[in-house]
Amino acid sequence: MKKTMEEPSKIMRRSIHTFLQNYHHAATTAAALVLPFSAALLLSQAFFSSSSSLFFRGAGFSTSLDFFNMLSLKLSQTLSSSLLTLPFSLTFLLLSKAYVIKLLSNNHDSVHYLPLLKTYICNSLFLLSANASAFALFFFIASFVSSPRNFSTLFSLASVIIYSIIIANAIVITNLALVSSTSPSSGGYTTLLKACLLLRGRASKALALALPTNLGLAGVEALFQYRVVRSYNKEDRDIALIAIEGTFIAYLYALFLVLDTIVSFLFYQSCVKNDEDQKRGREDEYLIKIKICETENIKICIKGPKCFQEIL
């Protein structure tokens with residue numbers, strides 16, 4: 001009998017329950033470890049996104065389509081944020097993820113840092129390649145588009161949908177690869193390939209699980225832009241109050257990062273358990289053979305993994 005995998009809603013409920021059950025560890029140690037990274041990421045996205053887009057304009061990547069202006073801004077923001085937060089992501093982010101993975105592991109074995117580091121570097125190159133490939137493909141297609149504005153708008157909408165699907169799948173793969181890099185023999189591009197194989201037939205469920213946490217992260221980023229960056233530019237509040245509120249928003253962002261790690265790890269456990277159940281189910285299948293002898297007696301042989309029985 002084929003065993004089905006858990007539904008995304010059940011995994012999400014179990015993740016929230018696990019987060020609340022281990023709230024003392026998740027909200028203190030894990031969140032405190034990733035807090036410097038979340039603060040650096042929010043600050044880099046707030047103050048370096050607009051200036052970094054000048055790189056693409058200076059390189060000649062300019063088009064009349066609004067989508068490519070938005071895409072170039074997003075790609076430049078990703079590049080600048082990744083470079084500026086690299087020291088924080090290689091230390092605080094990975095240490096927080098290692099702590100959460102160890103906390104949720106059944107055997108509580110030590111999680112090695114070096115496999116996580118190798119996988120994170122490969123993940124960064126993979127995400128950068130996905131963004132650059134999508135940008136180059138859409139820019140190449142748009143260079144041949146000289147159509148009315150209605151077609152350009154339709155092309156921009158289609159490009160947004162395709163780009164979102166590409167990046168969402170890339171993020172899901174990298175998250176799954178990172179939480180599976182727990183042993184000394186794992187890590188690197190091989191773990192990334194195993195994550196791709198593990199997602200076969202489960203991509204829709206992985207995307208459904210990644211949507212709530214990523215929406216939460218995007219909401220916190222928008223809140224930081226509205227409450228901190230906007231107030232800082234308008235100078236309508238005291239700088240100390242802005243800093244305190246910014247710290248609380250960064251802490252909220254850190255909590256969502258911890259929850260995202262829990263969701264990814266429980267989804268990885270569910271995938272592994274489902275594969276093991278299917279393998280065990282195939283081993284437990286019984287082979288029924290009906291043998292007609294010369295004496296016209298019928299022998300029914302039922303053969304299982306550990307037994308063999310003849311029924312006359």
Side-chain angles (χ1 to χ4, degrees), residues 4-20 23 26 30-31 34 37-38 41-42 45 67 70-71 73-75 77-78 81-82 89 93 96-97 100-101 104 119-120 123-124 126-128 130-131 133-134 138 156-180 192 195-226 249-274:
T4 59
M5 190 178 168
E6 285 183 293
E7 292 298 323
S9 58
K10 185 176 180 181
I11 298 177
M12 180 58 67
R13 289 197 303 267
R14 196 154 55 90
S15 302
I16 296 175
H17 175 73
T18 304
F19 176 79
L20 296 177
Y23 183 79
V34 80
F37 168 78
S38 61
L41 182 63
L42 292 174
Q45 291 181 350
F67 166 72
M70 180 190 68
L71 183 58
L73 179 63
K74 181 63 179 177
L75 184 55
Q77 184 182 19
T78 302
S81 298
S82 300
S89 59
L93 178 63
S96 175
K97 287 184 176 294
V100 173
I101 293 172
L104 299 180
T119 304
Y120 185 83
N123 287 349
S124 301
F126 179 71
L127 286 174
L128 181 61
N131 278 278
S133 300
F138 294 142
S156 297
L157 291 175
S159 300
V160 168
I161 296 174
I162 296 174
Y163 174 77
S164 301
I165 293 175
I166 293 174
I167 300 305
N169 280 276
I171 291 175
V172 166
I173 291 172
T174 54
N175 288 340
L176 193 62
L178 199 60
V179 297
S180 60
L192 197 62
C196 295
L197 296 176
L198 198 62
L199 277 177
R200 287 187 306 176
R202 305 183 177 107
S204 59
K205 294 183 179 181
L207 292 174
L209 278 174
L211 182 61
T213 53
N214 281 275
L215 285 178
L217 293 172
V220 176
E221 292 175 3
L223 180 64
F224 186 84
Q225 289 281 343
Y226 179 75
I249 295 176
Y251 176 73
L252 181 61
Y253 195 84
L255 290 179
F256 272 102
L257 289 175
V258 173
L259 179 61
D260 182 65
T261 306
I262 294 175
V263 171
S264 299
F265 184 76
L266 293 184
F267 176 70
Y268 167 72
Q269 283 188 329
S270 180
C271 292
V272 173
K273 184 177 181 299
N274 181 252

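The first residue in the sequence is number 1, and the count goes up from there. Basis for what follows: all heavy atoms, side chains included, without hydrogens, waters or symmetry-related copies.
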Novice: Which residue pairs pass the salt bridge (charged side-chain N to carboxylate O under 4.0 Å, His left out) test when at least one of the two sits in residues 249-274, sequence neighbours left out?
Specialist: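 Every pair satisfying salt bridge (charged side-chain N to carboxylate O under 4.0 Å, His left out) with a residue in residues 249-274: Lys273-Asp277.
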
Novice: Atom CD of Glu6 and atom CZ of Phe267: how far apart are they, to the nearest 0.5 Å?
Specialist: 10.5 Å

Novice: Side chain to side chain donor-acceptor pair (under 3.5 Å): which pairs involve residues 167-180, sequence neighbours left out?
Specialist: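 Output for this query is empty, none listed.
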
Novice: Could you check whether any side-chain N or O of Asn274 sits under 3.5 Å from a backbone N or O of Ser270, counting only pairs where one atom can act as donor and the other as acceptor?
Specialist: no

Novice: What are the two closest non-hydrogen atoms of Leu176 and Ala195, and how far apart are they?
Specialist: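 It is CD2-O, 3.9 Å.
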
Novice: What is the distance from atom CZ of Phe126 to atom CD1 of Ile173, rounded to the nearest 0.5 Å?
Specialist: 4.5 Å

Novice: Which residues pass the side-chain hydrogen bond (donor to acceptor under 3.5 Å, both in side chains) test with Glu7, sequence neighbours left out?
Specialist: none

Novice: How long is the gap from CG on Leu178 to CG on Leu192, to the nearest 0.5 Å?
Specialist: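 The distance works out to 10.5 Å.
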
Novice: For Leu266, enumerate each residue passing the side chain to side chain contact (heavy atoms under 4.5 Å, CB included) test, keeping only those at least two apart in sequence or located in another chain.
Specialist: Ile11, Arg14, Ser15, Thr18, Ile262, Gln269

Novice: Between the main-chain N or O of Ala30 and the side-chain N or O of Ser96, is there a donor-acceptor pair closer than 3.5 Å?
Specialist: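 The answer is yes, because a donor-acceptor pair under 3.5 Å joins these two groups.
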
Novice: Write down the atom of Val34, the atom of Leu257, and the distance for their closest heavy-atom approach.
Specialist: CG2-CD1, 3.7 Å

Novice: Evaluate Tyr163 against Asn131 for side chain to side chain contact (heavy atoms under 4.5 Å, CB included), listing each step before the verdict.
Specialist: CA-CA 8 Å; Tyr163 174 77; Asn131 278 278; 2.6 Å; yes

Novice: Closest heavy-atom contact between Tyr251 and Ala31?
Specialist: CE1-CB, 3.8 Å

Novice: Can you name the residues that form a side chain to side chain contact (heavy atoms under 4.5 Å, CB included) with Ala250, not counting sequence neighbours?
Specialist: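 Result, side chain to side chain contact (heavy atoms under 4.5 Å, CB included) vs Ala250: Leu35, Ser38, Ala39, Leu42.
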
Novice: Which residues pass the ring-ring contact (aromatic ring centres under 6.0 Å, His included) test with Tyr23, sequence neighbours left out?
Specialist: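 Partners of Tyr23 by the ring-ring contact (aromatic ring centres under 6.0 Å, His included) criterion, ordered by chain and then number, come out as Phe19.
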
Novice: State which residues pass side-chain hydrogen bond (donor to acceptor under 3.5 Å, both in side chains) with Tyr120; sequence neighbours excluded, sorted by chain then number.
Specialist: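 Counting only residues at least two positions away or on another chain, Tyr120 forms a side-chain hydrogen bond (donor to acceptor under 3.5 Å, both in side chains) with Ser89.
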
Novice: Residues in side chain to side chain contact (heavy atoms under 4.5 Å, CB included) with Leu223, at least two apart?
Specialist: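 Counting only residues at least two positions away or on another chain, Leu223 forms a side chain to side chain contact (heavy atoms under 4.5 Å, CB included) with Arg227, Ile249.
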
Novice: What are the two closest non-hydrogen atoms of Glu221 and Tyr253, and how far apart are they?
Specialist: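 Smallest heavy-atom distance, with atoms named: OE2-OH, 3.0 Å.
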
Novice: Within the distance-only criterion (no hydrogens, no angle test), does the side chain of Thr213 pair as donor or acceptor with the backbone N or O of Ala210 below 3.5 angstrom?
Specialist: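 Yes.
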
Novice: Leu209 and Pro8: which non-hydrogen atoms are nearest, and at how many Å?
Specialist: CD2-O, 3.2 Å

Novice: List the residues meeting side chain to side chain contact (heavy atoms under 4.5 Å, CB included) with Ile16, not counting sequence neighbours, and say none if there are none.
Specialist: Met12, Leu20

Novice: Can you tell me how far the CG atom of Leu255 sits from the CG atom of Leu217, to the nearest 0.5 Å?
Specialist: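 Going from the CG atom of Leu255 to the CG atom of Leu217 covers 10.5 Å.
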
Novice: With a 4.5 Å cut-off on side-chain heavy atoms, are Leu41 and Gln45 touching?
Specialist: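 Gln45 vs Leu41: side chains touch.
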
